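Lettering of chains follows the sequences in order, A, B, ..., and the numbering in each one begins at 1. Quick note: numbers below take in every heavy atom, side chains included, and nothing from hydrogens, waters or symmetry partners. Keep in mind the model is a prediction, meaning the values are calculated, not measured.
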There are 8 protein chains.
Amino acid sequence: MTDALKILEDVKQGIVSTDEALAFFKKEPYIDLDFAKVDMKRSLVQGHGEVIYGEGKSVGQIDSIIKTMLDNDQKNILVTRLSSSKSRRLESIEGFTYYPEAKLAVIGGVRKADGLGKIAVVSAGTSDLAVSEEAALTAEFFGNETVRIYDVGVAGLHRLLSRLDDIIEAKVIIAVAGMEGALASVVGGLASAPVIAVPTSIGYGASFNGLSALLSMLNSCASGTSVVNIDNGFGAAYQASLINHMM
Amino acid sequence: MTDALKILEDVKQGIVSTDEALAFFKKEPYIDLDFAKVDMKRSLVQGHGEVIYGEGKSVGQIDSIIKTMLDNDQKNILVTRLSSSKSRRLESIEGFTYYPEAKLAVIGGVRKADGLGKIAVVSAGTSDLAVSEEAALTAEFFGNETVRIYDVGVAGLHRLLSRLDDIIEAKVIIAVAGMEGALASVVGGLASAPVIAVPTSIGYGASFNGLSALLSMLNSCASGTSVVNIDNGFGAAYQASLINHMM
Amino acid sequence: MTDALKILEDVKQGIVSTDEALAFFKKEPYIDLDFAKVDMKRSLVQGHGEVIYGEGKSVGQIDSIIKTMLDNDQKNILVTRLSSSKSRRLESIEGFTYYPEAKLAVIGGVRKADGLGKIAVVSAGTSDLAVSEEAALTAEFFGNETVRIYDVGVAGLHRLLSRLDDIIEAKVIIAVAGMEGALASVVGGLASAPVIAVPTSIGYGASFNGLSALLSMLNSCASGTSVVNIDNGFGAAYQASLINHMM
Amino acid sequence: MTDALKILEDVKQGIVSTDEALAFFKKEPYIDLDFAKVDMKRSLVQGHGEVIYGEGKSVGQIDSIIKTMLDNDQKNILVTRLSSSKSRRLESIEGFTYYPEAKLAVIGGVRKADGLGKIAVVSAGTSDLAVSEEAALTAEFFGNETVRIYDVGVAGLHRLLSRLDDIIEAKVIIAVAGMEGALASVVGGLASAPVIAVPTSIGYGASFNGLSALLSMLNSCASGTSVVNIDNGFGAAYQASLINHMM
Amino acid sequence: MTDALKILEDVKQGIVSTDEALAFFKKEPYIDLDFAKVDMKRSLVQGHGEVIYGEGKSVGQIDSIIKTMLDNDQKNILVTRLSSSKSRRLESIEGFTYYPEAKLAVIGGVRKADGLGKIAVVSAGTSDLAVSEEAALTAEFFGNETVRIYDVGVAGLHRLLSRLDDIIEAKVIIAVAGMEGALASVVGGLASAPVIAVPTSIGYGASFNGLSALLSMLNSCASGTSVVNIDNGFGAAYQASLINHMM
Amino acid sequence: MTDALKILEDVKQGIVSTDEALAFFKKEPYIDLDFAKVDMKRSLVQGHGEVIYGEGKSVGQIDSIIKTMLDNDQKNILVTRLSSSKSRRLESIEGFTYYPEAKLAVIGGVRKADGLGKIAVVSAGTSDLAVSEEAALTAEFFGNETVRIYDVGVAGLHRLLSRLDDIIEAKVIIAVAGMEGALASVVGGLASAPVIAVPTSIGYGASFNGLSALLSMLNSCASGTSVVNIDNGFGAAYQASLINHMM
Amino acid sequence: MTDALKILEDVKQGIVSTDEALAFFKKEPYIDLDFAKVDMKRSLVQGHGEVIYGEGKSVGQIDSIIKTMLDNDQKNILVTRLSSSKSRRLESIEGFTYYPEAKLAVIGGVRKADGLGKIAVVSAGTSDLAVSEEAALTAEFFGNETVRIYDVGVAGLHRLLSRLDDIIEAKVIIAVAGMEGALASVVGGLASAPVIAVPTSIGYGASFNGLSALLSMLNSCASGTSVVNIDNGFGAAYQASLINHMM
Amino acid sequence: MTDALKILEDVKQGIVSTDEALAFFKKEPYIDLDFAKVDMKRSLVQGHGEVIYGEGKSVGQIDSIIKTMLDNDQKNILVTRLSSSKSRRLESIEGFTYYPEAKLAVIGGVRKADGLGKIAVVSAGTSDLAVSEEAALTAEFFGNETVRIYDVGVAGLHRLLSRLDDIIEAKVIIAVAGMEGALASVVGGLASAPVIAVPTSIGYGASFNGLSALLSMLNSCASGTSVVNIDNGFGAAYQASLINHMM
């Protein structure tokens, strides 16, 4: 809050007129109060990670945002929902790495893992891979160690139970499932950590593009489980990272 | 098909006119072909069990249907969706027993169990009790031994697994669940018997009167699972009984 | 259950340490109890049929799964939801047969029919052909004799009734219908066998990709009828096969 | 169109000023053109039947509307959606008859049947009785002979077929069904007359207050079938009467 | 009903055995009772018009159905939902005419208009043209004179009112509208003829592919209006033709 | 903006410390900028009308809010969604008037009409009366002259057209309709003033508690029409009043 | 109203027969009363702006409508929903300007801004740009000064608040938002001007093509906010222009 | 894991037969592995808090569960969804306190606050009070300090901003809102702590019992926000407590 304080001091000392100060508070009322917060929120710790939502943006737009960020000392950048064709035209950027399964690029590498523990990404089937990887890589970008527990749908319970140790040891769990929304319930019952459920749009028939899994997950959140939007692997990982960095 | 054959023979021999025969075929075209089948279907084996759907019928109507049936040698009668207030006014019928939790009455006792094996009724929570009991008692009425495995929602997986033997031994499984539609998936994955899933309307919030459980169950039916209408414990037990009497 | 027993014997005789045994039970707690069951479930009788869900898998992935299976003595393999373009790149596998209408391939031939009786696949219109064939061929793969009763929508009741014998003789009936969800009701009323209804996504206007047929079928399941997911011909056939092999 | 003509003649002869005429055309632009039509529409033939929609109106309001009509030589009046408690307070009106099952009252009797033929009201189950009777009595009120074919749901096809003659002979068919929306399809396939389908809100589970039946009926209207709103027995009968009076 | 009668006479005289007769009744139970009816229903008057639903059929299939029909003295054939690319490959059939706006072909010309009066096809906007033309041409195919009243959406009421004469004179009215479902209400209020409303899937935003227009039309059918499925111009015209041929 | 300015001046002159000023900006950052605006928004002109949403508040709560307002020189108060039973316990407040049809009370009378012109409240049927009156009385409370045009549903177009002058003369139009969502379209086509449409929850069958009317109205808003929430007569009148006081 | 008056005068003087006059009133009953109004409505002030909805129209059709308008002295024409490929084939029309982001063309320039004040177009994210620009350019076409306040979603409240002055000064506000339907609520709370909310179809997962934003906006319209159809930037701007030209 | 180890040791030493050991592993496979975990999960720390879901349980059932718990040294018990009438019959239990607004009882007091920081419960309107209090009291029961920030709906942004300090200082935020689902977005944008959003079923019109708020919240969860089921204040507080006890 030094900026606001300084303005007020400046007003007191006549360096800044009251009209100028008023203009400052009207135009940027939260800069010294909140802007840093918001920034900190958006990048967890200032300078450690900025995010660009790639969908609906042209390669040119993404390229120019990245460059502006790099020029402003944002060293670690995450680009989500980036098609492989777009990624090819950004490859020349220094430090650019593309992850085709997650449709996600990282510039400048990921933050060093400094969370309380591991974030487990549990998924039901191979068709949930893209969303799972978006979640896992996002979590890693924000400084978390992850453990991938894939293809453990509840119809094959023995496979899920064989990974019980990893599930129980995780500090936060992200449960990704399309048709098998049941996964969140079962994992929520086995673990004592917070579970963030991500319904996926993969499925057919009465899966209705993820609506079925979404409703199923919402109805299971009796104990320690909450839900994010359909296919929102990024959002789940973002919240999981916040939780894993609680102190 | 003797009736139709006989008519045709009678026509041949002049006992029945062609007009009368035509009238017969037009009026009851399926009597000798199908009527018995349909009856057999509705009562599994003629004389062993007739069903009255009690909802929307007055006590007087139910009473008179029961009496007509008894007069026609229907000795075992099931009345479903019967409120306890209506049941009190039918108590004087001989052999009448009311099951308040299932909102169901049986007259003349149930058929002797003669199926291939047991029908397991598995349910997630105490709030699914009414539908579970409707299913279990209906199955018993139609001549099946049942095993009740209640309150084994997937959030408490250890309770479900502690009943694994009963689940694996059952010839047919009825999985009843409201908010926890997940139960059908998990049971379907553990057992090799056919599973009939019954979504229940119990729940709150985004359970939408059973729609959430219904969709969840439909999306899980990859292997050996099918679904009946919301709260339709009777329908599940009826089909389970057909399957348990396959030969 | 010999594996678990053997471990315990080995522990008793000091061949295996308690720590190793514990690790065994934790890692694969259901191998000797359930894994075979699950396998048996997934392939009905071990070695008689393994299934690959082709949608969303690359040709390379499918090819490698098939080869692993063949190497492990899985002689009969079913691949569902396989596009004709993908199938062309798998033709060289020995014993590979592709059924374009059902979008399904069989490797190593189908199991010998050894069920209780026939499974009838009844469908309403020509547009339901793909789902009907998926159901019929799946049933045959799992060792069932089938009878196809196609294009018998209820708007042309005389055609349906002309196949009455086949319908009545079937041990299990699969009713496939898109706009004409009514078919399941009518067939369910005519037959005494269990009916598994498959809504299809074919239709226009207020058919809403199969939702209308699904609801219609669920509301008809008063007597011996249950429902699987929209377009899930495989699931219906799988359960029908389980029922047709009851003993 | 004599009124408009007369005004114009009056203008021509100076009896009416152009301003007055203009006011006339602006205020009641359709009196001489359409008002009679609309009236004729609403009462089929002027003086033969006026309708009051009873729901949401107080007994006092209904009473006063009836009296105004009677004072204006409306001799035959139909009141729909009239609860039995309200009806008791209207009994003293001369010529008042209440039909409790249809929740409908007729004052001054029904119009003499003068249609082309009979209107058949076909219904699936006893729970559809109220809507069926609303349709049948409305049709009779507007001068149609009716034939009631009740409790012929498609699950018991033999009962429906035993009434085939009546169905085929009808000039118009009203098909009333709740859960069994299938009835409209089957009847539509058997008959060559126009079929008007009425979904009813009776049902449970996934019937969703008639939505399931509505969708089912809409998807069946390939040949000669159309649909009115859920529970709208009156609307179906009104249109059926229009059709039965075509000339 | 001569066929059934004749069989019975033949049985009586020993020309046909009872087994053969039984087979006849089982195989074609409705030939002499209903098959002609059904045919007559499907083609209004035998030989005057047969319909092929083109969607989902290959050019080869359509071509072979047409030829079979022509060989069986079906001289007038209607093919609906026929894409222009398919139509080009059928042009060589004698008497083949394609109507690109309606995506519909007629072979052998339309039946001579012999209805009670005209069928008016009223539509709201230019985007409803395809469905309107499907309705108008279908009506003409089945022997009806039509009058097209297009682009008279209720937002421009003066245009609709300028066609009032045509609306009032029509014997049956087909109201086609997408976003402006209101059209059916307004036309239903102006005319005394039966109105069949066709919601169309054209629109954007909250039109939800015709659902909005469908609900709007269902809620307006207080007086003489009923509804067919979304985009079902054929179905509306078919029923309109039945009504226009009432006698 | 005098408050903020004054604080800054005070800071300059040392009357207020920078810490105190900072606290002021943090605690009430918008008082001098926006609070008056917001107040002005909520009461249009400060002191001329405050609104209490009565639903879900106890009589005691409402009573105490009213008294606090009166003590703070709020002379004109509107209470919406107030049941008649609650209203009886508030009658003793001076200047309290209750309008039972609109379920609305006014304390201290309405503001003098000072808008640009009249607000017309147009409604389709008698069942829309409550919402219409809520709209009309709210508009009057905020200082608007209103004209009520009730029971002019589009099925009786001549009644609507007979009120054409009033519709055309209005400065703003509120169109209230339940089943007849069509009203908004038709009125929107006739008038050149802004139209605010209010769907009502009255109706039956497929009206789905106002959803049908809502969708219908949204799809009609091509020209000058917008929509508020179902039954939100207050909201429509509030916006209409803002528009009628534009200057 | 001169036309109608003149006709009546002509009738009076015998120049026009009563039959001819009657025909006039029947055919064009509202020409002199309403046609001009409707025109004025559609183009705000006759000759200042006509609109063509481009979607679903061919380039040829659009071209010919434009030329007819130009021939009839319509100098300012707006074409909405015009793809860039179509626009290229219309470029040769004199005075034709295409705006690719808004998919909109203007011929003859926009009307001079003559409203009461500015219309603010506020939008949540970059993905709402197309709808926002459609709204802004439409408002300008109809003679309004606009202020664009883009990319001010509520998740970054400080950016929204930094534009507070522009929001408060606007005479009418158009709030465009997809996933963040919240924007309308927040803006509605900050401003005292009427707010017209436009939900957009951009989003993923449970945004359901704008349904989520639509419902969110409807539920926020407590004070001065109303809603138009999903993506209907034109409709919002049209109504905003009406409001901004109130006098 | 001592139990499992001990059994294995016992087997080794011949104290337990392999059959007995096998039975042990089959019957309670997870007792020594997971049962404690699950308990710990359900009561956070064994003995510190057990929860009874009161809805659908009789007073007698609740009473007996409470007593069993007390007998087993569960000293702190939470009963949710408990009506005030039921609560009156449980008052005599020692240490029983009922909170009528939250419909919740606590026996034995709440756990001492030992979390990382405060949990803020932010709610939009007075009608969200019940759910907010359920959340706040549940959080306190599980050992969290809470701060209540009520009635800060986004339409009155200045009230929300005046509580900015409390929002920013909270370690976890629970955002409760019915119609104003926007609250979660705005709070999520202001704070850097994890936000758990609870949609409530309060509202009218198109709020559809909380569905609108649910969708709105799901679409806002871009950064650090997740959602629980409608009205699930308990579930939100449970997860918030898990997060606030991360270490």
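Summarising the geometry of Pro194(B) relative to Ile243(C), their closest heavy-atom pair is CG-CG1, 4.0 Å, with the distance given to 0.1 Å. When all heavy atoms of Lys171(B) and Met246(C) are compared, the pair lying nearest together is O-CE, 3.6 Å.
A donor-acceptor pair under 3.5 Å links the side-chain atoms of Gln239(B) to the main chain of Val195(C), judged by distance alone.
Contact annotation for Leu116(B): only side-chain heavy atoms (C-beta onward) come within less than 4.5 Å of a heavy atom of chain C.
Partner of Leu218(B) under the side-chain contact (heavy atoms from CB on, under 4.5 Å) criterion, chosen from Leu214(C), Ile230(C), Val228(C): Leu214(C). The residue from Asn219(C), Leu215(C), Val227(C) that alone fulfils the side-chain contact (heavy atoms from CB on, under 4.5 Å) condition with Asn229(B) is Asn219(C).
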